[in-house]
Amino acid sequence: YPAKAIPIQVEIAASWNESSNPSIKLMHCFFNANIENGKTDAYILKLSNDSIPAANQNKLNVQLSSGRRLRAGDTLVQSEVLTIQNNRLAFTVDQDFKGISNLSIGGKSLISARSHAHSGPFITIDSETYYSSKHCIVAIETLGENLIVIRVEGQYYNTAGAPRHKYITRIFAYSNS
């Protein structure tokens, strides 16, 4: 096969327990596969010190409304809005999680901002509807040029404020979504 280098984002998920020389036991590799419909292709992971020129990448553009630099492990603070964009997709997530807001694909708006208290995620149990809380923990689990994973932890409450179920949800956005 003729080799073609592509950008890749790696995440070490587990290591062998060798304190003097720890080695990788499990590694996640994130890259954009460009395979024609009905065809197959092979990808080979090869260690290299070469970098892929930025012009060949469709990087994710991730910004916080506060201007604070974002790192994996960070959580959003009150009133912060996270904006994720690539060349096709754009959306926002805020600390008072009401789902994905301001979603547009190819410049066409599909979801606008959600400000109503009873918008966003909900569940219905025994004819009673429970809505997502205003006090969610929105954290960045993975952050790189090819992938961002946003983890949201919260709890559902009914309209009277009684709590029901806790939840965790994850939003995955890829550079070539």
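Residue numbers start at 1 and run along the sequence shown. Because the structure is predicted, anything quoted here is derived from the model rather than measured.
When all heavy atoms are compared, the tightest approach of L45 to C29 is CD2-SG, 4.0 Å. Considering all non-hydrogen atoms of both residues, S79 and S65 come closest at O-OG, 3.9 Å. G144 and L60 get closest at one heavy-atom pair: O-CD1, 4.1 Å. In terms of heavy-atom proximity, C136 sits nearest to Q95 at O-NE2, 2.9 Å. Shown here for I125 and I123, the closest heavy-atom pair between the two residues is CD1-CD1, 3.8 Å.
Atom CZ in F91 sits 12.5 Å away from atom CG in L110 (nearest 0.5 Å). We find the CD1-CG distance between I100 and D94 to be 12.0 Å, quoted to the nearest 0.5 Å. Between the CG atom of N87 and the OG atom of S175 there is a distance of 9.0 Å, given to the nearest 0.5 Å. The OG1 atom of T83 sits 11.0 Å away from atom CG of L70, with the distance rounded to the nearest 0.5 Å. Expressed to the nearest 0.5 Å, how far CD1 of I8 lies from CG of L147 amounts to 12.0 Å. For the atom pair CG of L82 and CD1 of I150, the computed distance is 5.0 Å after rounding to the nearest 0.5 Å.
Remark: I24 pairs with I12, M27 by the side-chain contact (heavy atoms from CB on, under 4.5 Å) rule, at least two apart or across chains. Checked against ring pair (Phe, Tyr, Trp, His ring centres under 6.0 Å), Y156 has the following partners two or more places apart in sequence or in another chain: Y167. A search for side-chain contact (heavy atoms from CB on, under 4.5 Å) contacts involving R68 returns L64, S66, D74, E80, not counting sequence neighbours. Annotation: side-chain contact (heavy atoms from CB on, under 4.5 Å) contacts of K39 (sequence neighbours excluded): I35, E36. Listed by chain and residue number, T75, E153 satisfy the side-chain contact (heavy atoms from CB on, under 4.5 Å) test with I137 (two or more places apart in sequence, or in another chain).
Both V152 and I111 are members of a single hydrophobic cluster when ILVMFWY side chains are connected at heavy-atom separations under 4.5 Å.
Using modelled atom types, no side-chain atom of S23 and backbone atom of W16 make a donor-acceptor pair closer than 3.5 Å. In this structure, the side chain of Q9 does not engage the main chain of F31 through any donor-acceptor pair within 3.5 Å.
The shortest distance between side-chain heavy atoms of L76 and V81 does not fall below 4.5 Å. Residues R88 and I105 are in side-chain contact: their nearest non-hydrogen atoms beyond the backbone lie under 4.5 Å apart.
Classification of the Y174-F172 ring pair by plane angle, with boundaries at 30° and 60°, yields parallel.
The salt bridge (Lys or Arg N to Asp or Glu O under 4.0 Å) pairs that include a residue from residues 161-170 are E141-R170, where partners are two or more places apart or lie in different chains.
Just one of T169, I168, I171 meets the side chain to side chain contact (heavy atoms under 4.5 Å, CB included) condition when paired with R151; it is I168.
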